[in-house]
**Student:** 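Just dropping this structure here.
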There are 2 protein chains.
Amino acid sequence: MIRVVIAEDQGMVLGALASLLGLEPDIEVVGRAPDGPAALDLVASLRPDVLLSDIEMPGMTGIEVAARLGEARSATRVLIVTTFGRAGYLRRAIDAGVRGYLLKDSPAERLADAIRQVAAGGRLIDPDLAATAAFAPPDPLTDRERAVLRLAQDGRSNKEIGRALDLSPGTVRNYLSEAAAKLGASNRIEASRIARDNGWL
Amino acid sequence: MIRVVIAEDQGMVLGALASLLGLEPDIEVVGRAPDGPAALDLVASLRPDVLLSDIEMPGMTGIEVAARLGEARSATRVLIVTTFGRAGYLRRAIDAGVRGYLLKDSPAERLADAIRQVAAGGRLIDPDLAATAAFAPPDPLTDRERAVLRLAQDGRSNKEIGRALDLSPGTVRNYLSEAAAKLGASNRIEASRIARDNGWL
DNA sequence: CCCGGCAGGTGACATCTGTCACCCCTGCGC
DNA sequence: GCGCAGGGGTGACAGATGTCACCTGCCGGG
């Protein structure tokens with residue numbers, strides 16, 4: 001019997017996934033978490049074979065949860081199931097020690113097999129995303145550029161961004177200009193959009 | 001027996017919802033559609049009691065589907081299940097003749113009851129969202145302002161927006177300035193964000 | 001026919017942005 | 001000690017943006 005904990009912040013999807021897995025004779029859903037910290041606690045106390053986790057959750061992302069489990073030498077393997085087919089997310093997930101990465105776009109039938117594969121010690125990445133990611137350019141941004149873009153994307157001015165990051169407005173402008181050049185964007189809005197779409201923010 | 005068609009573009013969620021409803025003795029999932037047009041076709045051919053539909057789908061949104069069904073005097077009642085708790089979406093959904101509106105955030109247990117209620121001719125709106133929406137300000141934007149904001153949000157310049165909408169760049173600036181003033185924003189980026197978050201775009 | 005309202009436009013002005021060349025530190029390898 | 005890379009900063013300039021007052025043409029109602 002494969003023991004699984006599910007972490008997913010959308011209650012309806014959480015329940016639906018649980019019922020989907022409930023149909024499988026060799027899989028047992030032993031716990032459900034609505035956010036990152038709860039997932040971490042449940043894995044610590046229940047020690048399931050697999051944690052099936054979303055990425056975007058309150059408190060902590062699924063990727064952070066995976067990283068924490070890795071640090072704690074947990075035996076639980078993490079399988080990410082997410083909406084976002086962004087190459088940058090996949091990259092970070094793999095670096096965090098995740099064992100599988102599926103998209104919610106793919107057919108539901110794939111899920112149980114993915115869990116079996118991961119539980120058996122295998123690895124698994126959504127094939128479409130793997131192909132995309134293999135040819136995607138790597139993240140060209142520096143930490144500063146990322147920070148500045150994050151603030152720029154919700155309308156802060158150079159002056160405000162400078163205050164927030166303790167930089168002069170002129171320097172903020174330089175970073176944004178650099179970032180736009182790297183991303184082939186013609187202004188901060190386009191630059192943030194490109195970075196966001198690639199999962200670099 | 002309540003006959004239901006599900007429209008949802010994320011395969012995994014579609015399958016999971018179907019299995020969730022499969023547990024209910026009085027509900028039968030008779031069809032599944034991965035996009036708007038397919039949903040419309042399925043409803044036309046299967047004439048289910050209820051269409052359970054997402055909003056954001058390829059081809060046509062769930063709200064548009066509901067509007068088309070209304071025009072066609074279809075007896076099928078539409079229940080929206082969506083991620084987005086945006087007051088503007090709810091408003092438009094109701095105007096389109098939708099009979100229920102649930103959030104994916106709410107617990108899975110609510111779904112089956114919602115379907116029964118809608119199938120029986122009742123109406124149902126997620127209580128939290130209903131409360132929020134009741135106090136939310138109405139959409140203050142004109143069609144022009146909306147169009148301009150939509151283009152501004154992905155980084156087009158005044159000149160480009162003008163070309164796209166066949167307006168002079170100066171007029172575009174005026175619309176954006178107007179919109180920002182109405183929304184209490186200090187620039188086009190913030191204005192687009194506010195409008196988007198409220199479901200006004 | 002006249003008037004008011006409304007969509008669209010113009011011009012002027014202050015700011016903000018984007019681009020670029022160049023400066024100042026600090027740390028580090030030699 | 002020298003050189004130099006890298007983070008941060010400055011100044012100047014062109015062009016984009018935000019704000020506002022005011023103009024035009026068109027339409028629908030008195």
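Chain letters run A, B, ... following the sequence lines, proteins first, then strands; residues in each count from 1.
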**Student:** Do A:Leu79 and A:Ser53 have side chains that approach each other closer than 4.5 Å (heavy atoms only, starting at C-beta)?
**Tutor:** no
**Student:** Verify the contact: side-chain N or O of A:Tyr175 to OP1 or OP2 of D:dG7, cut-off strictly under 4.0 Å; return yes or no.
**Tutor:**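 For A:Tyr175, the contact criterion (side-chain N or O under 4.0 Å from OP1 or OP2 of D:dG7) is not met.
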**Student:** Taking only side-chain nitrogens and oxygens of B:Thr171, does any of them come within less than 4.0 Å of OP1 or OP2 of C:dG8?
**Tutor:** no
**Student:** Measure all distances between protein nitrogen or oxygen atoms and nitrogen or oxygen atoms of nucleotides 25-27 of chain C, and list the pairs falling under 3.5 Å.
**Tutor:**
none

**Student:** To the nearest Å, give me how far apart CG (A:Leu165) and P (D:dG8) are.
**Tutor:** 10 Å
**Student:** Salt bridge check, A:Arg116 against A:Asp26: does any charged N sit closer than 4.0 Å to a carboxylate O?
**Tutor:**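 Yes.
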**Student:** A side-chain contact here means heavy atoms from C-beta on lying under 4.5 Å apart; do B:Val4 and B:Glu28 qualify?
**Tutor:**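 Heavy-atom side-chain distance check fails, nothing below 4.5 Å.
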**Student:** Check this for me, if you would: do B:Glu8 and B:Lys104 make a salt bridge, where the nitrogen-to-carboxylate-oxygen distance has to be below 4.0 angstrom?
**Tutor:**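 Looking at B:Glu8 and B:Lys104, the cut-off is met.
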**Student:** Any side-chain heavy atom of A:Leu124 sitting closer than 4.5 Å to one from A:Asp113?
**Tutor:**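 No, every pair of side-chain atoms sits at 4.5 Å or beyond.
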**Student:** Summarise protein proximity over nucleotides 11-19 of chain D in one line of letters, 5' to 3': B for base, S for sugar-phosphate only, - for none, counting protein heavy atoms closer than 4.0 Å.
**Tutor:** -B---SSBB
**Student:** Taking the six-membered ring of A:Tyr89, is NZ or CZ of A:Arg86 closer than 6.0 Å to its centre and within 45° of its axis?
**Tutor:**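 That pair qualifies as a cation-pi contact.
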**Student:** From the options A:Arg196, A:Arg188, A:Arg193, select the one residue that forms a side-chain hydrogen bond (donor to acceptor under 3.5 Å, both in side chains) with A:Gln153.
**Tutor:** A:Arg196
**Student:** What I'd like to find out is whether the side chain of B:Val5 reaches to under 4.5 Å of the side chain of B:Val30, using heavy atoms alone.
**Tutor:**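 Of all side-chain heavy-atom pairs linking B:Val30 with B:Val5, at least one is under 4.5 Å.
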**Student:** Are A:Arg144 and D:dG7 close enough that a side-chain N or O sits under 4.0 Å from OP1 or OP2?
**Tutor:** no
